[in-house]
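Everything on this sheet refers to the single structure shown next.
Numbering starts at 1 and runs along the sequence shown.
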Amino acid sequence: MVKWRPAIVLVCLVVTTQLAALIDADLRRPVLFTSLLLLDVIGAVCSFRAARHSPYPWAWRLIGLGRVSAVAAFVNLLWYVQQGAAVGYWLGIGLRSGMFALLAAATFTSRLTEIRGRGRAPYIAEILMVVAAGAMPAWYFVLGPAFGSGAPAPELARILAYVVGDLLLLTAVCALLLGGSVRHLLHPATGMVSGLALILVTDIVWNGFDVRGGIDPAAVWLLGLAMVSGSLLITLAPIALTIRGRDLARHNVRPAWSQRLVLVSLLAGAGTMIAVAIREDAMYPWGGLVICLFVMVAAVMVHMTASLRSTQALVVADPLTGLANRTGLEEAIAAALRRDGTVALLLIDLDDFKLINDAYGHAAGDTVLTEFGHHLRSSVRAGDTCARIGGDEFAVLLLDARAPELVAQRILGVAAANPVRLADDQVVIHASIGLTDSRPGDAAKDLLRRADLAMYAAKRAGTHTWTRHDPSMVDRRALDAALADELAGAAGRGELVVFYQPIVSLPTGAYAGVEALIRWNHPARGMVPPVDFIPAAERTGLIYDIGLWVLARACEELAPHQAYVSVNLSPRQLQRKSLVHDVLSVIRRTGLEPSRLVLEITESAIVDESAVGVLTELRDHGIRIAVDDFGTGYSSLHYLTRLPVDILKIDRSFVAELDGTATGSAIASAVIRLAQVLHLNTIAEGIETPAQAAELLNLGCHTGQGFLYSPPRPAGEVLNTLRNRSGATSPAHASSPTTPS
């Protein structure tokens, strides 16, 4: 209430002075003019102050200048009345008109900045309709009689200036109403609109009396009260804004009832024409009325044309993201193919989008879709087409694309580097991208089909990656769906088994640990490789239960031995809030020491903000963390330096390049040097020859696994070997995190 004290004092002061004017008729005009002058001065100061708190600072500055112009007009007109100076008269008339022009400019420009694209033309057309409808009675009732009365030029100039000022006030009111400013009664714009409308009505009535011989003294107080009240409301608007400390929000959502203003204006214009046609036979009214009607018809045509274009745009645009929709994409592809240029199509599907919807709600899902749409636009050129063609499915058409792989990698990188804040969480957007190039004779459906196959292959390969279409690709979705149905009961039927691949010390060949690898011994298909059924488990959510089953089995079988066991965690498992509790329960139940468990995660998991707390908590309990296949996907060194990671596993594709040359060892050497700088251990995967092992050892990597030492084997064989080998060591003995490995 203390903050509102200046506004309360101002209202009380106005009420007191108006009551005094009611009691004493001689005070009415002095009170009226003094009140308007003081309100303009206060309003100017408050408007300039409001500019510091509003997202529309220039609008409030223009309003402040308008109030200053009103004060200057009053001073010049007073000079004219007191001294008879003609200059003061013309300056006063001009400055008063300038006040209205500034108010109209402030309201109109503030709204126009919020209405973008195709919405501007209908907005301007609607304002013109209303103003033209208002100009018709102004012409008939004020301007026509004034010009026909033979009044002197100064008087005609005053009347014309006042009519123009009233039309500018009407423009200001329409700009705010049709621009969606008035959202509720407590908004500062509500007081502004109400005050402008009240001044508009009062000014019209006052000028009407003047034209017809002068104002009735009995009406002076009532009209003065209305004019002072309007000025008071305009003054209170910036005061309310300053007290709140901010404008309530940027707003461009117009209320439904504002549409009726345009309809009423059209009806009023037509009614005026009919009434004049019945009543008058003179020529003076028709010129202005016809001009106004012409403006209204032109505005209606502009509005209809813009609305038609907007309707056509909706056919080819996605309303949520503003990107093209499937129809728009197909039209863009067809147009690009007709030009015989080489184009590329990227089909993008967001990974685990359903989990976001389930966890945070559909409004959060819409936020993710909108943000990803922004990322797409920022990742491609202006001439390329971005589209949302399904729920969480996007596409990018690249014109004259020579390296679509770089664009795909850029999209993945931008998405991963810009997590979306949902509630108190930072959610990283992961995606799978399939890409294809155009071929001679292609139609839009051909590009979409090939890109779709490539995208599905990318999703099967893992999250947050891209795949180029290959002619050997076949549509495996029906087969994968059947496989997923059979996988649901595989563990209960005893069809899932755990194989182990030894992890050895390269200098001695001693077993440091083993990696647990799941296999599916299908009764009809035989041994199903993980690359076929793990993606199905990821998509259906079975991966969490299967992963816990593998963890429990591996911890139970390795508990009696010295070697450590490494178990893979999928990104989906990391998203489950109960993961830490479930892993610790398995460790307690099986008796495995936490230091002898290594959990392997992929690169796509380390850029997920939600994984940070989970991995940190696991590591606080003594469990070690390894990054699998390091260097093959998107990763950020920023994440790598702050996440609780102990081990980097060099991917087998880099090990296969080792040939004794600097070029062959470049990436493997870079990963090893990076690990040394970050005080991390390294494990090389896919070692197949003694030469590869020797080169890795020479580069500084002391631990590895591969067919050179042993392929993945059933548990019985590996566990027997562990019992018979006295050289088995714990992970701490195999590679200390404080020494290069």
Item to complete: For a side chain to side chain contact (heavy atoms under 4.5 Å, CB included) with Phe372, tell me which candidate from Thr367, Ile411, Val414, Val420 qualifies.
Response: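 Looking at Thr367, Ile411, Val414, Val420, the match for Phe372 under the side chain to side chain contact (heavy atoms under 4.5 Å, CB included) is Ile411.
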Return a table of donor-acceptor pairs under 3.5 angstrom between the side chains of residues 382-396 and protein atoms on other chains or two or more places apart.
unit_1, atom_1, unit_2, atom_2, d
Asp384, OD1, Arg381, NH2, 3.1
Asp384, OD1, Leu399, N, 3.0
Asp384, OD2, Arg381, N, 3.2
Asp384, OD2, Arg381, NE, 3.2
Arg388, NE, Gly390, O, 3.1
Arg388, NE, Gly391, O, 3.2
Arg388, NH1, Asp318, OD1, 3.0
Arg388, NH1, Asp318, OD2, 3.3
Arg388, NH2, Gly391, O, 3.1

Worksheet item: About how many Å separate CG of Leu592 and CD1 of Ile587, when rounded to the nearest 0.5 Å?
Response: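 Reported value, rounded in 0.5 Å steps: 6.5 Å.
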Answer yes or no: is there a donor N or O on one side and an acceptor on the other, between the side chain of [X] and the main chain of [Y], under 3.5 Å?
| X | Y | value |
| --- | --- | --- |
| Ser710 | Gln501 | no |
| His522 | Ala524 | yes |
| Gln573 | Ser570 | yes |
| Ser378 | His375 | yes |
| Asn698 | Ala694 | no |

Locate the shortest heavy-atom distance separating [X] from [Y]; write the atom from each residue and the value.
| X | Y | value |
| --- | --- | --- |
| Trp549 | Leu496 | CH2-O, 3.1 Å |
| Ile433 | Ala408 | CD1-O, 3.6 Å |
| Pro404 | Ala344 | CB-CB, 3.9 Å |
| Pro471 | Arg439 | CG-NH2, 4.4 Å |
| Phe533 | Leu487 | O-CD2, 3.7 Å |
| Ala675 | Asn681 | CB-O, 4.5 Å |

Discussion item. Please determine whether salt bridge (charged side-chain N to carboxylate O under 4.0 Å, His left out) holds for the pair Arg619 and Asp646, giving the CA-CA distance in whole Å, both sets of side-chain angles, and the decisive distance to 0.1 Å.
Written reply: CA-CA 9 Å; Arg619 195 165 181 261; Asp646 302 283; 2.7 Å; yes
Discussion item. Do Gln692 and Asp659 pair up side chain to side chain, a donor and an acceptor below 3.5 Å, judged on atom types alone?
Written reply: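 Distance-only check fails for Gln692 and Asp659.
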Practice prompt. Taking atom types as modelled, find out whether Gln409 and Trp466 have a side-chain donor-acceptor pair closer than 3.5 angstrom.
Written response: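 Looking only at side-chain atoms, Trp466 and Gln409 do form a donor-acceptor pair, the distance falling under 3.5 Å.
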Worksheet item: Between Glu495 and Arg519, is there a side-chain N and carboxylate O pair less than 4.0 Å apart?
Response: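 Looking at Arg519 together with Glu495, the answer is no, because their closest N to O distance does not fall below 4.0 Å.
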Please set out all donor-acceptor pairs under 3.5 angstrom arising from side-chain atoms of residues 552-559, sequence neighbours excluded.
unit_1, atom_1, unit_2, atom_2, d
Arg553, NE, Glu557, OE2, 3.1
Glu557, OE1, Tyr500, OH, 2.5

Discussion item. Test: salt bridge (Lys or Arg N to Asp or Glu O under 4.0 Å). Region: residues 569-582. Which pairs qualify, not counting sequence neighbours?
Written reply: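 Only Asp352-Arg572 qualify under salt bridge (Lys or Arg N to Asp or Glu O under 4.0 Å).
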Worksheet item: Do Ile429 and Val368 come close enough that some side-chain heavy atom pair is under 4.5 Å?
Response: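 Sidechains of Val368 and Ile429: in contact.
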